[in-house]
Amino acid sequence: MSLSWRGAAVRPDDGKPSPETWEAVAVPGRPAQFAGADAVAYETTVADPRTGADEHAVLVLEGAYAHTRVWCNGELLAESDSYVTPLRVRLPEAEEYRLIVECRAPEDRFGGLHDTDRLPPERCVPGIWWDASLETYPDPYVHAIEARPRRTEAGAAVDVTADVVTSEPVDERLTFSVRPAGQARGGGMMDRARVESGPGSTVVPHTIDVRDPSLWWPHDRGSQPRYVIRAKLGDAERSLTTGLRSVGYDDGLSVNGERVRARGVTLLDPTVDDVERAVAANANLVRVRAQGVPPAVAEACDELGVLLWQDLPLTGPGGFDMDRGRELAESVTAAVGHHPSLACVAVHDEPVAPYADGLGSGTLDRLRYRYRAWRASYNEAPAEAVAERVEGVPAVPVVGPPGIDPDAVTLYPGWRYGSVDDLAWLCDHYGVGDVVAGFGAGTAGGGDSTDDPGPDAPDSQARQACVVQAVGEGLRRRGSEVVVLDSLRDAGDGGTGVVAEDGTEKAAYGTLTDSYQPTQVFLSDPTPGRSDIVVCHDRPSGATITVEWDHNGQRHQEERAVEGFGRATVGSVTLAAGDELTLAAAVEGRAVKNEYRIGEDI
């Protein structure tokens, strides 16, 4: 049932919001007129929606950011401090409901990217961001379910938890079922569990075994079959859609026990369109940075076969409440854990202030970099303690720069500091590069670069494309297991996105698309001088690859057998500034190309 809402900016105090005036607003949404407000109240009045056998009315809020309180007819009914988890509020008996929802800006360290200046103020308005509805149910009913898929020696299983609500004592059978989603063929399974409870709420755990499962895969490795899980009690049922897969990390990412090299992009303001753009750019992973993932985005990842790297909403220097972090880690994995695309959960993003911005690439600059990195101490114990509460997928306690021994590194040579030639030195000296959570460069018009080229720099997009190509390809040549571009789309006017805020592609988007081909041929050093021509083959099976290169109109061709996930040098070329070079590779009926215009050092 949809609702009509009014809103008002209010003072965040302990009482019920009582603004002098209300104005019509769209819910779900982020009313721009309240940008910068510490708290916003939302109000609606609706008649009792129950009819026939309905005995319960439930207000459902998704994405209520960040600390939320709910009143019904003047009575405080519920509070929440995890906007990733749906807030389901049971309403009392009444002929009419006046509902007031107050959303406050973060009161702790867990506001994530929305509590920084990385996002425009209008994207950070306290509000009900994803959905708001009024639902009705008979008595008893299934209030909520959670599901966690996993592979087993016998096939697969889904661990399901159902929250059952009843007004009267109940002793019945709760039916759990799992069936292929959509038009997919295949048998389903059905189990029953006993529900014996007095009035109130009771939790019923159950495990459904799935025989001969159809496994979910990333889009470049297989199909994405999914299953509908239902929990039914009498005439009331609740369902969700999941997929069957396992994911792990042990010297490399694995899905269903098979190695997968991840090529990813960061989403700063995630949308379904962004997931589609990621697929079009040959990415097989998206990182939702320091914020909760909207349900529609997680569902798009499931449907399109894109691995989901989910951060907790925690970023920037400073300590945090470890117990609060543990609770949040548990709530995030409970809310998102049924998505087969979920590949990992990260805890603390960029926990130290940038220490190398503006440094050059000479010997003295490297010494300065090493000294500053040595001083950038970080106690990872709290993040590791929070990460222990992540179940079912790998946990990444710390995401940050070299020098603090991060679990996933962020590297910005050629933009924040040094040149792209410093990539090898950074990786080798600090022992990083297997998992790269962020690389890239900014463009004119905004962003957070300390040396922003400004709106009058016509070459900023060309420079960004060069940095993205050189660093991204360098990481792939080195055999990095996970590589994530920061970022896919700008959240405001300019920034690190390879796509503008309005969806317009920058030059670097096409460069990234070529660089992210699973099988691709690269220059080892795309600058004047001698460079090897290297094939990267990130597929599980070996292949014979035909490579051709056109250097200023002169063509050459070589053929190489390359093993699965292998690298091979097929030739070399001497380059000069201004040269144009096109590389092409053909493998198993597929053809890819990669273009270079040789310039100065980046």
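Checking side-chain atoms of Glu258 against main-chain N and O of Asn256 turns up no donor-acceptor pair under 3.5 Å. No side-chain donor-acceptor contact under 3.5 Å links Asp209 to the backbone of Ala157. No side-chain donor-acceptor contact under 3.5 Å links His206 to the backbone of Asp159. For Thr166 (side chain) and Pro169 (main-chain N/O), no donor-acceptor pair under 3.5 Å exists by modelled atom type. A distance-only check finds a donor-acceptor pair linking the side chain of Trp216 to the backbone of Asp302 [under 3.5 Å]. Within the 3.5 Å criterion, the main-chain N or O of Ala290 finds no donor-acceptor partner in the side chain of His114. In this structure, the side chain of Asp191 does not engage the main chain of Ile208 through any donor-acceptor pair within 3.5 Å. Side chain of Arg150 to main chain of Val158: no donor-acceptor pair is present (N/O by atom type, distance under 3.5 Å, no hydrogens or angles). Proximity of a side-chain donor or acceptor of Arg50 to a complementary backbone N or O of Thr136 within less than 3.5 Å is not detected.
Between the side chains of Thr410 and Asp486, no donor-acceptor pair is found at a separation under 3.5 Å. Ser239 and Glu237 are not linked by any side-chain donor-acceptor pair at a separation below 3.5 angstrom, with hydrogens and angles left out of the test. Ser82 and Ser331 share a donor-acceptor pair across their side chains, judged by distance under 3.5 Å alone. For the residue pair His219 and Asn284, no side-chain donor N or O sits within less than 3.5 Å of a side-chain acceptor on the partner. In summary, the side chains of Glu55 and Ser167 do not present any donor paired with an acceptor at a separation below 3.5 Å, with no hydrogens or angles considered.
Across all non-hydrogen atoms, the minimal contact from Arg277 to Gly503 is NH2-CA, 3.5 Å. Between Pro397 and Val347 the shortest heavy-atom distance is O-CB, 3.3 Å. Closest non-hydrogen pair, Gly325 versus Leu312, comes out as O-CD1, 4.3 Å. Across Thr175 and Met190, no two heavy atoms sit closer than the pair CG2-CG, 3.6 Å.
In this structure the side chain of Phe320 reaches within 4.5 angstrom of the side chain of Pro382, judged on heavy atoms. Counting only heavy atoms from C-beta outward, the side chains of Leu91 and Leu99 approach each other to under 4.5 Å.
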Does the side chain to side chain contact (heavy atoms under 4.5 Å, CB included) test come out yes or no for Leu268 and Leu119, once each step is laid out?
CA-CA 8 Å; Leu268 302 180; Leu119 296 176; 4.3 Å; yes
Would Ile100 and Val70 satisfy side chain to side chain contact (heavy atoms under 4.5 Å, CB included), going step by step from the backbone distance to the final call?
CA-CA 6 Å; Ile100 295 178; Val70 179; over 6 Å; no
Checking Val436 against Val482 for the side chain to side chain contact (heavy atoms under 4.5 Å, CB included) test, could you report, in this order, the C-alpha distance in whole Å, the side-chain angles of both residues, the deciding distance, and whether it holds?
CA-CA 6 Å; Val436 178; Val482 179; over 6 Å; no
Tell me, with the steps shown, if Arg88 and Glu135 meet salt bridge (charged side-chain N to carboxylate O under 4.0 Å, His left out).
CA-CA 10 Å; Arg88 305 180 62 85; Glu135 301 176 352; 3.0 Å; yes
Pair Leu113-Asp115, side chain to side chain contact (heavy atoms under 4.5 Å, CB included): steps then yes or no:
CA-CA 5 Å; Leu113 218 60; Asp115 198 25; over 6 Å; no
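Ring-plane geometry between Trp130 and Tyr83 is classed as tilted, the angle between the planes lying from 30 to 60 degrees on a 0 to 90 degree scale.
By the neighbour-count criterion of 12 heavy atoms within 6.0 Å, atom CD of Glu384 is densely surrounded, having more than that number from other residues, nucleotides or ligands. The environment of CG in Asp235 is sparse: at most 12 heavy-atom neighbours from other residues, nucleotides or ligands sit within 6.0 Å. Heavy atoms from other residues, nucleotides or ligands lying under 6.0 Å from CD of Glu93 number 12 at most. Environment of CG in Asp212: sparse, with no more than 12 heavy atoms of neighbouring residues, nucleotides or ligands closer than 6.0 Å.
Relative to the ring axis of Trp129, Arg30 places its NZ or CZ within 45° and under 6.0 Å from the centre.
Under the side chain to side chain contact (heavy atoms under 4.5 Å, CB included) criterion, Pro540 pairs with Arg221, Phe565, sequence neighbours left out.
Here the two rings, on His143 and Tyr137, have centers that are 6.0 Å apart or farther.
In this structure, the separation between CZ on Arg245 and OG on Ser214 is 15.5 Å, given to the nearest 0.5 Å. Of the inter-residue distances, the one linking Leu240 atom CG with His339 atom NE2 reads 8.5 Å to the nearest 0.5 angstrom.
A salt bridge between Arg69 and Asp81 is absent, with no side-chain N of the basic residue lying under 4.0 Å from a carboxylate O of the acidic one. Salt-bridge annotation for Arg263 and Asp220: present, with a side-chain N of the basic residue lying under 4.0 Å from a carboxylate O of the acidic one. Ion pairing between Asp38 and Arg11 fails under the 4.0 Å rule for side-chain N and carboxylate O.
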